[in-house]
K.L.:
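Following this message is one structure expressed as structure tokens.
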Number of protein chains: 2
Amino acid sequence: MAAQRRRPTQVDIARRLGISQATVSLVVSGGPASFQVADETRRAVLEAAAELGYTVNAAARSLKGGRNRLLGLYTFEPVFPVDRRDFYFPFLLGVEEETAACGYDLLLFSSATARGDRSIYASGGNRLKVADGCVLLGRHIDRAELAELVREDFPFVFIGRREVPGRELSYVAPDNVGATRDTVRSLAGLGHRQLAYLKMAEDQEPTRDRAAGFRQGIADAGIGEDEVLVHAMDDPAAITGGLLQEWLADGITALLVEPSEDDAAIAAVERAAAEAGIRIPEDVSVALLGDPPLSESTRDWTRYTPPREQMAREAVRLLLELLDDEEGRPRQLLVDCRPIAGETVAGPSAGRPS
Amino acid sequence: MAAQRRRPTQVDIARRLGISQATVSLVVSGGPASFQVADETRRAVLEAAAELGYTVNAAARSLKGGRNRLLGLYTFEPVFPVDRRDFYFPFLLGVEEETAACGYDLLLFSSATARGDRSIYASGGNRLKVADGCVLLGRHIDRAELAELVREDFPFVFIGRREVPGRELSYVAPDNVGATRDTVRSLAGLGHRQLAYLKMAEDQEPTRDRAAGFRQGIADAGIGEDEVLVHAMDDPAAITGGLLQEWLADGITALLVEPSEDDAAIAAVERAAAEAGIRIPEDVSVALLGDPPLSESTRDWTRYTPPREQMAREAVRLLLELLDDEEGRPRQLLVDCRPIAGETVAGPSAGRPS
DNA sequence: TCTTGCACTTCATACGTATTAAGGATCCGG
DNA sequence: CCGGATCCTTAATACGTATGAAGTGCAAGA
């Protein structure tokens, strides 16, 4: 059998049956209009379609204005490297499953190119537009590209809260404000009053949200702004044993650490503590403001965890809503995080027999 | 600013500048033809394009040109469940990276649907055809669907050797024949002559290849067919301590175990050995014919491992070759596996002080 | 017989792009 | 003033599909 290079089209089916392309379209498009075609005709069309191996040309369909039944997933940073794997995996899983459950296929936009030219607007145009809409993911987003996406009015939902000046975006995000506030409250409930808060230096939305939660938390607990210490970590190596000792000498009894996708910050704290002979939680309590991969640490950190898989599913659902909404009004969803009581938090005087 | 519902097209740019759509196309398509346009005109077009936020319509472009710059990845079984994750991950990674490196995007066909209706031909047609070509993956393939794919002349490359009667397929596969043969040889080199070979009951190509390698291996070593025992595992639970004891009593000194994507078979052997107080490798040597996830076992098994990530990259490369080949001649590539000398193989008399 | 309605099918067109052959300038040599 | 060459631009068309409008044939009702 010689290879038939060209794929069969509706016209091929129509010609073979001596009917019109329009009728074929009515049948194979399946919709409600399909029932206005005579049973016999419909059967013949379907049979011929199967025989010729016909499949709808997605490009043509979406050109016409219809949908592609393709959803995109774009991440602003590589998802696959091993140290990030456990962090991103639940998102991937959730998006994949929900997309499938809704009858869509998933377009995974190339992430880690060898040349590092990671961009939505790589080859002249917006690659994402092949899909009907897109789920976006990642911490180190390109603001210019995001703004451009918004300007183009392309439907997308971000996982994680993101802002663009003068425009509301759609997102599904963990309630970092509330979770951080609750963490502070719970530390305060144990008697901690002098806190050190290690925040990330980069001023992203999640960082701002945690900062807001922190302020709420200390306000609720009646702790003054002057009793706490806020330290921006630009370089994890700057967290030294000496620094920790200084803090403890100043009366600090608990640390709040904002993690990233890798566990650099946590590793730094752990190392610094070991270096200075400081015990966790006996000498100082440590709570993480999130749930990083923790591949290097075997410790059971006190932390809070967002329901990642569920967030991903919600993102897909929101995106589909968005697509069906003629006006494309943005959707926003905050989800609660689950606190995990680990072994790194204790009362403030645990290590100091009084 | 009100949301502009319709995206700007080449026609919009042309109208604004009072030129024709064709000229705009020449400019924005960028290619060599772009230079036949007067500099001034080109600048004006690019400027207007930027101003209007024009982006090329991927659907229209691919409708015209035939190619989508999309490659598909379809797996015949769910990739994401945790116990399979480590097994499939290198494949995913390799396909993803190579696809990106070649300037394509990756279409990840939905795997685990809630309703379990996992099929290429789910909604009337071949879903894969949205992509220019497809990488296929998975052990439990649907033969009928595969045959149909072949009949439709859809370009694909399988990871793993697959056969369809009367037709050559394209694949990248580990050299299971050679690797199994070498495993047998190396056992024979240690003095093992009476071997038990636990093969999978399902008669898939990889199983047949290992069986062929096994026969080659014992022939090379001058071991008779009657000195070996071939056991088809239909149910891992059937591997009991008693069975192992029987085999040892018969003089068997080494086991070859064919693994699957999960580690059921290996777990079964380990359990049975423990049950009967049989030590590995003192009482019996065990070599695996492959490299399963081994999530439950901490033992360092003697085995061989295919270069999974590399295989995936090769598969993508072969697929692109296939697409560029007008005649679509099948490509086949066998890759060597790397033997891993673990701690589960020793000489035949290790446990019997003579 | 002439409507009227119904069931089914087709016509015609639009979607946005790439491309080819042809069109219109302008200029030069003869 | 013509042939021809060069340079730039455009008209026309095809890609495969979806869809509203229009058409066909037929049976039933007036």
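In what follows, chains carry the letters A, B, and so on, assigned in the order in which the sequence lines appear, proteins first and then strands, with residues in each chain numbered from 1.
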K.L.:
When the distance from CG of B/Leu17 to P of D/dC8 is rounded to whole Å, what number comes out?
P.N.:
17 Å

K.L.:
Once the angle between the rings of A/Phe158 and A/Phe156 is folded into 0 to 90°, is it parallel (under 30°), tilted (30 to 60°) or perpendicular (over 60°)?
P.N.:
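Correct class here is perpendicular.
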
K.L.:
If the threshold is 4.0 Å, N to carboxylate O, is there a salt bridge linking B/Glu309 and B/Arg313?
P.N.:
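Between B/Arg313 and B/Glu309 there is a salt bridge, with a charged N closer than 4.0 Å to a carboxylate O.
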
K.L.:
First locate atom OH of A/Tyr171, then atom CD of A/Glu163, and finally report the distance between them rounded to the nearest 0.5 Å.
P.N.:
7.5 Å

K.L.:
Grab the CG-C1' distance between A/Asp12 and D/dT17 for me, whole Å please.
P.N.:
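Result: 13 Å.
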
K.L.:
Taking atom P of D/dG16 as reference, at what distance in whole Å does atom CD1 of A/Ile13 sit?
P.N.:
13 Å

K.L.:
Return the value, rounded to whole Å, for the distance between atom CG of A/Asn57 and atom C1' of C/dC15.
P.N.:
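Value for this atom pair: 13 Å.
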
K.L.:
Can you tell me how far the CG atom of A/Leu320 sits from the CZ atom of A/Arg331, to the nearest 0.5 Å?
P.N.:
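Rounded to the nearest 0.5 Å, the CG-CZ separation comes to 11.0 Å.
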
K.L.:
Could you write nucleotides 5-12 of chain C as a row of B, S and -, 5' to 3', where a protein heavy atom under 4.0 Å of any base atom gives B, of only sugar-phosphate atoms gives S, and otherwise -?
P.N.:
---SBBB-

K.L.:
In whole angstrom, give the distance that lies between atom NZ of A/Lys64 and atom P of C/dG16.
P.N.:
10 Å

K.L.:
Please round to the nearest 0.5 Å and tell me the distance separating atom CG of B/Leu322 and atom OG of B/Ser170.
P.N.:
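Those atoms lie 4.5 Å apart.
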
K.L.:
What integer distance in Å separates B/Asp132:CG from D/dC15:C1'?
P.N.:
15 Å

K.L.:
At under 4.0 Å, does any side-chain N or O of A/Arg61 touch on OP1 or OP2 of D/dA18?
P.N.:
yes

K.L.:
What is the distance, rounded to the nearest whole Å, between atom CG of B/Leu63 and atom C1' of C/dA18?
P.N.:
11 Å

K.L.:
Whole angstrom is fine here: how far is it from CD in B/Glu40 over to C1' in D/dC7?
P.N.:
14 Å

K.L.:
Taking A/Glu51 first and then A/Arg16, would you say they form a salt bridge - that is, a charged N and a carboxylate O separated by under 4.0 Å?
P.N.:
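Salt bridge flag = yes for A/Arg16 with A/Glu51.
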
